[in-house]
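Below is one structure, written out as structure tokens; comments come after it.
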Amino acid sequence: MKENQSLKVNQNEVILWPQTVMNLTQGCGEDGSHQWLSHEGTWALDNADPEDHRLFAPVSMMCMGKYHLGNGNEVVWQSLAPVLFADGTLDFLTLDIWHDNDITHLFRGMTVKQGEAFQAMGCSGIGSGSHTHLEAGRGKLNIGNVSPLIESSGVTHFASNNFHPGTLPNAVDPRCVYHMNETKIMNTFGMKFQSFEAKMGWVKDEVSHCWYYYENNVMVKGGKWIAGKYYYFNPNGILAVHTFIPYMEGGHQQYFYVGWDGAMVIDRTLKIEHNGRICFD
């Protein structure tokens, strides 16, 4: 995602990947082919964005707690409302972030808007270089003065310090969480993430053959000038065709007519033939 980017579907924010580049340096231990990684038994990812060290809020969130632990600075966030996951479900998002070098500006109850720069990559605690450790959870957690992480069933496989990595109790596969939108993909360890392209312009329903019009993924309703022509979209978003559209002017109800292409007809004389058909001179 990009700074200040905002994306909604039916008023629900879409969870976006929180950096400009996806360049995973460690994947998930439960992702079959990567059991050797130190995240075994978790759904955590490590990302090193070579182009921008900042993180942007994937959705609007509240800081639920911050912790200074042996393996790094940890901050836990929770979405302000249910948000759209990549698997199509709506729920609250819990987001666990590690290794930011400076979290002094963050505090419990602090809120950030989707797209706002709010944290950064770092190398606090255990790590071989500057990166961000991310783990997402589905649903709300009761978060207090102690980190909510629980001991996972996996092990880190560190040669000198082998232990069970912590994980969110509500952790979920990141492929079910993040949408890629305006994201540069460098390395995913073969993991496939859901792309999200906002609906823009004319869209035809191939079943009903009705037409709709979208602006930044929002369905247009009511009257709209498009490319020099005036169209009317019903309350359900369907383009009105070959019909009269009522409107009020000077306290009186008036009508305009839209043709078979949905555009308002202008500078034409309307005639009703003897069989009741509408035509124009």
Side-chain angles (χ1 to χ4, degrees), residues 1 15-58 66-77 85-87 93-103 118-138 147-181 183-195:
M1 69 182 298
I15 305 174
L16 300 175
W17 178 249
Q19 292 195 270
T20 59
V21 177
M22 173 172 270
N23 180 37
L24 300 186
T25 57
Q26 292 201 67
C28 300
E30 293 186 14
D31 182 36
S33 61
H34 302 106
Q35 294 294 326
W36 58 272
L37 296 168
S38 68
H39 295 165
E40 183 180 289
T42 78
W43 284 119
L45 299 173
D46 280 355
N47 194 65
D49 186 334
E51 299 181 5
D52 197 328
H53 70 285
R54 297 174 299 168
L55 275 73
F56 307 110
K66 65 177 185 178
Y67 315 95
H68 303 276
L69 304 173
N71 32 330
N73 293 327
E74 177 191 14
V75 185
V76 183
W77 299 84
F85 283 68
D87 62 3
L93 169 71
T94 303
L95 189 62
D96 188 43
I97 299 176
W98 286 75
H99 302 307
D100 191 339
N101 292 327
D102 182 12
I103 59 174
F118 71 112
Q119 283 199 242
M121 298 191 307
C123 50
S124 69
I126 300 174
S128 58
S130 182
H131 70 284
T132 295
H133 173 107
L134 297 162
E135 188 173 45
R138 191 195 305 275
S147 169
L149 298 191
I150 59 174
E151 189 176 270
S152 74
S153 59
V155 291
T156 58
H157 298 286
F158 291 143
S160 60
N161 188 15
N162 201 3
F163 60 89
H164 296 285
T167 185
L168 287 170
N170 62 345
V172 62
D173 187 332
R175 291 164 293 189
C176 297
V177 179
Y178 303 106
H179 296 86
M180 301 296 122
N181 184 266
T183 305
K184 181 179 179 180
I185 305 297
M186 291 183 63
N187 180 41
T188 67
F189 287 116
M191 302 169 71
K192 294 183 179 180
F193 290 86
Q194 182 73 36
S195 294

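Atoms considered below: every heavy atom in the structure, side chains included; atoms not considered: hydrogens, waters and symmetry mates. This is a predicted model, so every value here is computed, not measured.
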Checklist entry - Who are the side-chain hydrogen bond (donor to acceptor under 3.5 Å, both in side chains) partners of T132, not counting sequence neighbours? => result none

Item to check | Ionic contact status for E74 with K66, cut-off 4.0 Å | outcome: no

Item to check | Flag side-chain contact, heavy atom, 4.5 Å: I97 against N73 | outcome: no

Item to check | With A57 via side-chain contact (heavy atoms from CB on, under 4.5 Å) - residues at least two apart | outcome: M61, V112, F118

Checklist entry - Is there a side-chain contact between W98 and S124, using heavy atoms and a 4.5 Å cut-off? => result no

Checklist entry - When you measure from the side chain of N23 to the backbone N and O of A48, does any donor-acceptor pair fall under 3.5 Å? => result yes

Checklist entry - How about W77 and Q119: does a side-chain donor come under 3.5 Å of a side-chain acceptor? => result yes

Checklist entry - Among all residues two or more places apart in sequence or in another chain, which pass the side-chain hydrogen bond (donor to acceptor under 3.5 Å, both in side chains) test with T20? => result D49

Item to check | Parallel, tilted or perpendicular, as decided by the 30° and 60° cut-offs, for the rings of H99 and H131 | outcome: tilted

Checklist entry - Residues in side-chain contact (heavy atoms from CB on, under 4.5 Å) with S130, at least two apart? => result M121

Checklist entry - Passes side chain to side chain contact (heavy atoms under 4.5 Å, CB included), M180 versus M22? Steps please. => result CA-CA 9 Å; M180 301 296 122; M22 173 172 270; 3.7 Å; yes

Next on the checklist: Tell me which one of D96, T167, V76 satisfies side-chain contact (heavy atoms from CB on, under 4.5 Å) with L149.
Outcome noted: D96

Checklist entry - With D87, which residues qualify under side-chain contact (heavy atoms from CB on, under 4.5 Å), at least two apart? => result F85, T89, R138, C176

Next on the checklist: Looking at C123, is its backbone amide N or carbonyl O close enough to the side chain of N101 to form a donor-acceptor pair, meaning the two atoms are under 3.5 Å apart?
Outcome noted: yes

Checklist entry - Who pairs with Q19 by side-chain hydrogen bond (donor to acceptor under 3.5 Å, both in side chains), at least two apart in sequence or on another chain? => result N47

Checklist entry - With no hydrogens and no angle check, is any side-chain donor or acceptor of H179 less than 3.5 Å from a backbone partner on I15? => result yes

